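First the structure, in the form of structure tokens, and then the observations on it.
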2 protein chains.
Amino acid sequence: MTVSRKRKSSGEDAVRRLRAAGLRPTRQRGALVELLGSGHRHLSAESLHQEAQQAGIGVSLATIYNTLHQFTEAGLLREVVVGAGRSYFDTNTGDHQHFYCEDDGSLIDIEGEAIAVAGVPAPPKGMAVDRVDVVVRVKRA
Amino acid sequence: MTVSRKRKSSGEDAVRRLRAAGLRPTRQRGALVELLGSGHRHLSAESLHQEAQQAGIGVSLATIYNTLHQFTEAGLLREVVVGAGRSYFDTNTGDHQHFYCEDDGSLIDIEGEAIAVAGVPAPPKGMAVDRVDVVVRVKRA
DNA sequence: CAATCAGTTTGGAATCATTCCAAACTGATT
DNA sequence: AATCAGTTTGGAATGATTCCAAACTGATTG
Ligand SMILES: [Mn+2]
Ligand SMILES: [Mn+2]
Ligand SMILES: [Zn+2]
Ligand SMILES: [Zn+2]
């Protein structure tokens with residue numbers, strides 16, 4: 001019964017999350033929110049698109065891109081750029097950094113409490129620091 | 001006189017640098033080495049191509065890409081990836097990091113002695129840290 | 001100097017992720 | 001049910017980069 005109760009509410013939950021983010025709860029957005037669902041994940045537009053297809057959700061790739069960006073602006077996701085033409089969307093929006101393996105393109109979280117960047121100079125006049133990104137590039141030993 | 005002496009040797013100097021890097025000193029590579037020349041610079045393939053054209057050097061864009069990558073492998077340049085589809089080649093190969101302004105796409109050096117990253121965990125089994133890149137993203141205040 | 005050949009250059013086609021666009025659709029409101 | 005701003009979508013367009021096969025050229029050899 002716990003299960004069925006949760007099942008029933010998951011759709012409503014997605015709707016709540018979308019409304020809270022100021023986004024109209026459409027079929028596509030609801031389905032994507034649920035796919036992002038639980039746990040921390042690093043996903044590309046393409047991988048999310050494939051997941052959606054497999055889940056039997058009809059969503060165009062264009063909408064995937066639109067939605068990922070809207071979610072990012074709304075603070076539900078964080079975009080992580082690791083290489084030219086290679087960016088991931090991270091469901092972990094908290095303070096953390098990444099290991100990036102160029103060999104297989106994988107990303108691994110580094111907890112924010114563990115890592116620290118010290119000595120960042122004041123930004124140039126008229127500029128403000130938006131974010132400090134650390135990418136630890138690793139290779140097969 | 002100092003000037004003329006330097007002028008004369010600059011071509012030979014480029015040849016020396018190329019040979020030292022294990023690259024055959026061709027007309028194109030020699031010209032590009034001289035364009036990179038003195039001082040620290042952040043350049044894109046496209047910007048270097050335009051510079052070459054202006055300097056009256058006939059070099060195809062494909063060769064620019066080939067050469068930039070060869071120079072990078074040879075340690076004469078360092079590639080800095082700041083965003084999807086946006087990478088720069090840096091003539092400063094020493095230890096340093098960057099401010100990146102998304103508004104105008106500019107890069108500014110942060111001296112390596114100034115900035116420090118602490119607490120990087122051991123990389124996953126079988127992986128070795130290749131490099132730690134820090135990008136301080138700034139925006140117009 | 002001429003022949004030779006691996007290394008290099010090149011224009012143009014091909015990739016690939018992402019963005020753009022105009023037309024069709026749909027959630028919310030009246 | 002009518003309305004309309006917000007959304008979605010297939011397909012074209014972009015833009016940086018890579019690929020390719022043919023032409024070229026620096027270095028070596030006889
Ligand atoms: Mn995580
Ligand atoms: Mn510099
Ligand atoms: Zn992450
Ligand atoms: Zn630099």
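Residue numbers begin at 1 in each chain, while the letters A, B, ... track the order of the sequences. Predicted model, so just to flag it, every value in this text is computed and none were measured. Just so it is clear, the values below take in all heavy atoms, side chains as well, and ignore hydrogens, waters and symmetry mates.
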Checklist entry - Expressed in angstrom and rounded to an integer, what is the separation of A/Leu18 atom CG from D/dG6 atom P? => result 17 Å

Checklist outcome for this item: If pairing means Watson-Crick or G-U wobble with both distances under 3.5 Å, then the partner of D/dA13 is C/dT18

Item to check | Atom-pair distance (CD on A/Glu79; P on C/dT18), nearest Å | outcome: 8 Å

Checklist entry - CG of A/Leu23 versus C1' of D/dA5: gap in Å, rounded? => result 15 Å

Checklist entry - Does A/Arg19 put a side-chain nitrogen or oxygen below 4.0 Å from OP1 or OP2 of C/dG27? => result no

Next on the checklist: Side chain of A/Gln28, heavy atoms from C-beta onward: which of D/dT25, D/dT8, C/dT18 has the nearest atom to it?
Outcome noted: D/dT8

Item to check | Atom-pair distance (CG on B/Leu32; C1' on C/dT8), nearest Å | outcome: 13 Å

Checklist entry - Between B/His98 and B/Tyr88, does the ring centre distance come in under 6.0 Å? => result no

Checklist entry - What distance do B/Leu32 atom CG and B/Asn66 atom CG have between them, rounded to the nearest 0.5 Å? => result 11.0 Å

Item to check | Spacing of A/Leu43 atom CG and A/Glu51 atom CD [to the nearest 0.5 Å] | outcome: 7.0 Å

Next on the checklist: Could you check whether any side-chain heavy atom of A/Asp109 comes within less than 4.5 Å of a side-chain heavy atom of A/Asp90, counting everything from C-beta outward?
Outcome noted: yes

Checklist entry - Does any residue of residues 56-67 of chain B have a heavy atom under 4.0 Å from DNA chain C, and if so, which ones, in number order? => result B/Gly58, B/Val59, B/Ser60, B/Ala62, B/Thr63, B/Asn66

Checklist entry - A/Arg27 or B/Thr26: which one's nearest nucleotide on DNA chain C is closer to the 5' end? => result B/Thr26

Checklist entry - Are any of A/Arg29's side-chain N or O atoms less than 4.0 Å away from OP1 or OP2 of D/dT8? => result yes

Checklist entry - Taking any strand in view, what nucleotide pairs with C/dG27 in a Watson-Crick or G-U wobble way, both distances under 3.5 Å? => result D/dC4

Checklist entry - Whole-Å distance between C/dT8 C1' and B/Glu73 CD? => result 15 Å

Item to check | Closest to side chain of A/His69, choosing from C/dT18, C/dT19, C/dT26 | outcome: C/dT19

Checklist entry - B/Leu68 has an atom CG; how far is it from atom C1' of C/dT9, in whole Å? => result 15 Å

Checklist entry - Mind checking whether A/Arg29 and A/Arg24 have side chains closer than 4.5 Å, heavy atoms only? => result yes

Checklist entry - Is the distance from OP1 or OP2 of C/dT18 to the nearest side-chain N or O of A/Ser87 less than 4.0 Å? => result yes

Next on the checklist: Expressed as a whole number of angstroms, how long is the span from A/His49:NE2 to C/dT19:P?
Outcome noted: 15 Å

Next on the checklist: As an exercise, state the distance from CZ of A/Arg78 to NE2 of A/His42, rounded to the nearest 0.5 Å.
Outcome noted: 8.0 Å

Next on the checklist: Output the rounded distance in Å from CZ (A/Arg24) to P (D/dC4).
Outcome noted: 14 Å

Please list every donor-acceptor pair under 3.5 Å in which a side-chain atom of residues 118-138 of chain A meets a protein atom from a residue at least two apart or in another chain.
unit_1	atom_1	unit_2	atom_2	d
A/Arg131	NE	A/Asp133	OD1	3.0
A/Arg131	NH2	A/Glu79	O	3.2
A/Arg131	NH2	A/Asp133	OD2	3.1
A/Asp133	OD2	B/Arg137	NE	2.7
A/Arg137	NE	B/Asp133	OD2	2.7
A/Arg137	NH1	A/Val82	O	3.1
A/Arg137	NH2	A/Val82	O	3.1

